[in-house]
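Comments concern the structure below.
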2 protein chains.
Amino acid sequence: MDTNKMNTKQALNLLKQNGYKYTGKREDMIHFFDKENRYRTAKDLLHHMEPNYKGISVDTIYRNLHLFHSLGILESTDLNGEKHFRMKCDHHHHHHFICKNCGETKEIHHCPMDKIVQELDSYEVEDHKFEIYGFCPACK
Amino acid sequence: MDTNKMNTKQALNLLKQNGYKYTGKREDMIHFFDKENRYRTAKDLLHHMEPNYKGISVDTIYRNLHLFHSLGILESTDLNGEKHFRMKCDHHHHHHFICKNCGETKEIHHCPMDKIVQELDSYEVEDHKFEIYGFCPACK
DNA sequence: TTATAGATAAGATACTGTCTCATCTAATGG
DNA sequence: CCATTAGATGAGACAGTATCTTATCTATAA
């Protein structure tokens, strides 16, 4: 097993613990991300939901994506100016290889930050992003 | 001297070599980026141009940004879903610390990719992004 | 000076994402 | 089980970034 990401049950618990309601839509949304190690967009999620929830509002998609992100259920990154989301990996710090075609991710167990802090002692480091892009074995 | 980035003269030569015209607007746009080691947005550039070029079209801004980028005059990155541009650094491969407040950049002379290729031999690696975010000495 | 390839302005258009507000519903306590 | 209500949703307007189309303009070279 490569990953140890959040699962549907933990996610629904987080909702409950924070006073948010457990709706069928939310369960399906979380399932959608739980299934795969893959970054997906709001549009991907909308297309997944539409057949089962006729007339679902785009705003419901965005509101829940943000809620899930703020609760630590999802993590996100910008790819080509569009926000992409995936189930949060909840163990040790790591980075991702991201397939440009299907969004599949693979963990990279190496972070260069340790060696760099000394170069930046007059700066205030808040965050960093290290991502590798290309094509996964299935897409290449 | 920390950087060895492209300068205005080289940029204008690139335009000429590729059959593009040398206009006052383009010279000012390139000057705008040449002055600083800093990522700026299309809107930043538009605001810089407007006082001197009343009624300048936003499309002129975008078209020239893309032209400059395709000619290798500018490099770009997505920050908060918005494209940011800076003068291209034309020497050895490196990454940047980016100030979240003013866009100032500082070169990071360490790239982790060498050690990672072996982890990805069944993947096709095309590109990577390594950026550090925080506040520069002037902004922190 | 003229011809023309490239540049520009203007405004329409597309796309991602957010806001407001009225309505609806899951969860809770009685 | 029902009533209450905080939270959830749908609808559509709206905002911001970016692109496209078309007519007009201009830098450049012959």
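Computed from heavy atoms alone, side chains included, the values below leave out hydrogens, waters and symmetry copies. Just so it is clear: chains get the letters A, B, ... in the order the sequence lines come, proteins before strands, and each one is counted from 1.
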Mind checking A:Asn64 for me? I need base, sugar-phosphate or nothing, with any heavy atom below 4.0 Å counting as a touch. sugar-phosphate

Examine the side chains of B:Thr105 and B:Arg86 and answer whether a donor and an acceptor come within less than 3.5 Å of each other. yes

Under 3.5 Å, is there a donor on one side chain and an acceptor on the other for A:Thr77 and A:Glu131? yes

Report the hydrophobic cluster partners of B:Phe130, with the cluster defined as I, L, V, M, F, W, Y residues connected by side-chain heavy atoms closer than 4.5 angstrom, directly or transitively. A:Phe97, A:Ile108, A:Met113, A:Ile116, A:Leu120, A:Tyr123, A:Val125, A:Phe130, A:Ile132, B:Phe97, B:Ile108, B:Met113, B:Ile116, B:Leu120, B:Tyr123, B:Val125, B:Ile132

Counting just side-chain N and O atoms, does [X] come under 4.0 Å of either OP1 or OP2 of [N]?
| X | N | result |
| --- | --- | --- |
| A:Arg63 | D:dT9 | no |
| A:Lys21 | D:dA6 | no |
| A:Tyr20 | D:dG7 | no |
| A:Thr23 | D:dA8 | no |
| B:Lys16 | D:dA29 | no |

Expressed in angstrom and rounded to an integer, what is the separation of [X] atom [atom1] from [N] atom [atom2]?
| X | N | atom1 | atom2 | value |
| --- | --- | --- | --- | --- |
| A:Glu82 | D:dT17 | CD | C1' | 13 Å |
| A:Arg26 | D:dG10 | CZ | P | 11 Å |
| B:His66 | D:dC20 | NE2 | C1' | 13 Å |
| B:Tyr62 | D:dC20 | OH | P | 13 Å |
| A:Asn80 | D:dT17 | CG | P | 18 Å |
| B:Ile56 | D:dC25 | CD1 | P | 17 Å |
| B:Leu79 | D:dT17 | CG | P | 13 Å |
| A:Leu67 | D:dA8 | CG | P | 7 Å |

Need to verify one output field. Residue with the more 5' nearest nucleotide on DNA chain C, B:Val58 or B:Leu15? B:Leu15

More than 12 heavy atoms of other residues, nucleotides or ligands under 6.0 Å from NZ of B:Lys9: is that the case? no

Please tell me which of A:Gly19 and B:Tyr22 maps to the more 5' nucleotide of DNA chain D, matching each residue to the nucleotide holding its nearest heavy atom. A:Gly19

So, B:Asn7 side chain and B:Gln10 main chain: donor-acceptor pair closer than 3.5 Å or not? yes

A:His92-A:His109 aromatic ring centre distance below 6.0 Å: yes

Footprint ends on DNA chain C, 5' to 3', for atoms under 4.0 angstrom from a heavy atom of chain A, come out as C:dT16 to C:dA27

Thinking salt bridges, do B:Lys5 and B:Asp34 make one under a 4.0 Å N-O criterion? yes

